[in-house]
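Scroll down for the structure; my scribbles are underneath it.
Below, read A as the first sequence line, B as the second, and so on, with proteins coming before strands; counting in each chain starts at 1.
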2 protein chains.
Amino acid sequence: MPPRKTGHAKAQSFPAPNHDHAACATDALARAERLCRARGVRFTEIRRCVLKAIWQSHAPIGAYDILAGLNAKGARHAPMVVYRALEFLQANGFVHRVASQNAFIGCAHPDEGHDSQFLICRKCGTVAEIANAAVSTALANAAPGFAVESRTVEISGVCPHCKDHSHA
Amino acid sequence: MPPRKTGHAKAQSFPAPNHDHAACATDALARAERLCRARGVRFTEIRRCVLKAIWQSHAPIGAYDILAGLNAKGARHAPMVVYRALEFLQANGFVHRVASQNAFIGCAHPDEGHDSQFLICRKCGTVAEIANAAVSTALANAAPGFAVESRTVEISGVCPHCKDHSHA
DNA sequence: GAATGGAATGTTATATCGTAACATTCCTCA
DNA sequence: TGAGGAATGTTACGATATAACATTCCATTC
Ligand SMILES: [Zn+2]
Ligand SMILES: [Zn+2]
Ligand SMILES: [Zn+2]
Ligand SMILES: [Zn+2]
């Protein structure tokens with residue numbers, strides 16, 4: 001299979017600035033809808049709007065920015081509305097919380113397991129979710145006697161795209 | 001007689017519930033004072049008090065709980081006071097922020113590099129800071145092309161001590 | 001022992017993030 | 001069609017963090 005570079009972001013690669021992001025968002029919403037149907041849970045209008053707001057970009061978005069988007073057309077939703085939707089979306093693996101930024105990011109593979117790590121670009125804000133087996137293995141072996149339940153791995157730095165353009 | 005476990009916590013081991021924690025705190029404050037002198041920076045009374053509050057235990061403490069401690073004797077410090085001290089203590093490696101809890105924890109080896117990871121016990125709240133070489137290596141290799149600047153690795157679960165006592 | 005200038009702290013106000021509690025509406029299914 | 005649970009509306013509040021500017025402290029210099 002020939003590598004494609006202009007399709008929607010492939011797992012493990014950092015999202016390029018000029019990729020077809022509309023496809024990312026469309027795909028994510030479609031996946032969520034399909035998975036909700038399969039799981040017998042309701043993908044309501046608010047949940048869809050919140051997920052859509054999160055998929056506006058590959059940068060994490062804060063709950064109150066999501067709220068502003070919800071209310072942009074005159075609605076007067078309260079913060080609870082957003083946090084409840086986020087709770088649902090996280091429980092279903094559609095969204096991850098970026099702890100180091102108190103913000104939220106869409107998940108590109110909500111149907112698989114979630115032993116993943118995040119790369120966060122300090123310059124453009126873009127976040128890439130990776131699932132590196134060596135990291136997972138190392139983490140699993142790092143804490144003998146400790147019963148691991150969840151992991152938060154967030155790596156900050158400069159992404160390849162920003163690095164290439166920083167010598168100007 | 002069980003093996004003696006009452007010395008102060010050794011690197012890489014999870015702090016035991018009954019260890020001599022007064023020694024942890026005393027040592028941490030003494031180390032901080034010595035390092036500040038060596039670095040030509042001021043270890044002021046407020047900074048000392050904040051660091052002492054943080055070393056009350058091996059569980060992360062929130063900024064406002066630190067503030068309450070500062071103000072316990074009648075003072076009326078504002079939150080800024082605590083956050084400024086925390087900024088200084090973090091910059092000097094005496095304190096780490098636990099992103100997943102918006103709280104702060106003392107560092108047991110502020111004179112070394114800080115490529116470390118945190119184990120957080122869900123039951124007792126205790127946090128162990130470890131520096132696992134395999135994890136560091138795996139993380140370094142996980143993101144080719146990405147210029148890493150800082151890492152947040154926080155593993156939640158149940159510590160060995162709580163696990164041993166959970167069968168009641 | 002003043003003058004000075006940066007570091008540290010004091011102070012007020014506000015921004016940002018998150019949840020409790022209870023009322024109402026909506027949807028499903030018997 | 002009428003429960004009954006899920007979802008949302010609404011009000012109020014709690015928790016975390018920073019901006020901006022005034023004042024004080026302290027080491028250095030003259
Ligand atoms: Zn995209
Ligand atoms: Zn970037
Ligand atoms: Zn201790
Ligand atoms: Zn424990």
d([atom1], [X]; [atom2], [N]) in whole Å:
{"X": "Q90(B)", "N": "dT18(D)", "atom1": "CD", "atom2": "P", "answer": "10 Å"}
{"X": "Y83(B)", "N": "dA15(C)", "atom1": "OH", "atom2": "P", "answer": "17 Å"}
{"X": "E87(B)", "N": "dA19(D)", "atom1": "CD", "atom2": "C1'", "answer": "13 Å"}
{"X": "F43(B)", "N": "dC26(D)", "atom1": "CZ", "atom2": "P", "answer": "16 Å"}
{"X": "L86(B)", "N": "dA17(D)", "atom1": "CG", "atom2": "P", "answer": "9 Å"}
{"X": "R39(B)", "N": "dA7(C)", "atom1": "CZ", "atom2": "P", "answer": "18 Å"}
{"X": "L67(A)", "N": "dT19(C)", "atom1": "CG", "atom2": "C1'", "answer": "15 Å"}

Terminal helix-axis angle for the helix from dG1(C)-dC30(D) to dA30(C)-dT1(D), with five pairs defining each axis and rounding to 10 degrees: 20°
Contacts of type side chain to side chain donor-acceptor pair (under 3.5 Å), residue R42(B), not counting sequence neighbours: none
Contact letters for nucleotides 6-11 of chain D, in which S counts primed atoms plus P, OP1 and OP2 and B counts the base, heavy atoms under 4.0 Å: -SBBBB
Is_stacked (Y64(B), dT16(D)) at 5.5 Å, 30 deg: yes
Within residues 139-150 of chain A or reaching into it, pairs that qualify as salt bridge (charged side-chain N to carboxylate O under 4.0 Å, His left out) - sequence neighbours excluded: E149(A)-R122(B)
Inter- and intrachain pairs under salt bridge (charged side-chain N to carboxylate O under 4.0 Å, His left out), touching residues 46-60 of chain B, at least two apart: E33(B)-R48(B)
Which residues share a side-chain contact (heavy atoms from CB on, under 4.5 Å) with E87(A), sequence neighbours left out: none
Sequence-distant partners of A147(A), side-chain contact (heavy atoms from CB on, under 4.5 Å), two or more places apart: V158(B), K163(B)
Heavy-atom closest pair, residues H161(B) and A16(B): NE2-CA, 3.5 Å
I'd like a table of donor-acceptor pairs (distance under 3.5 Å, sequence neighbours excluded) in which one partner is a side-chain atom from residues 64-80 of chain A, with atom names and distances.
residue, atom, partner, partner atom, Å
N71(A), OD1, H77(A), N, 2.8
N71(A), ND2, H77(A), O, 3.2

Other cluster members, I105(A) - Ile/Leu/Val/Met/Phe/Trp/Tyr, side-chain contacts below 4.5 Å: V98(A), F118(A), I120(A), V127(A)
Rounded distance [0.5 Å steps], NE2 in H21(B) versus CH2 in W55(B): 6.5 Å
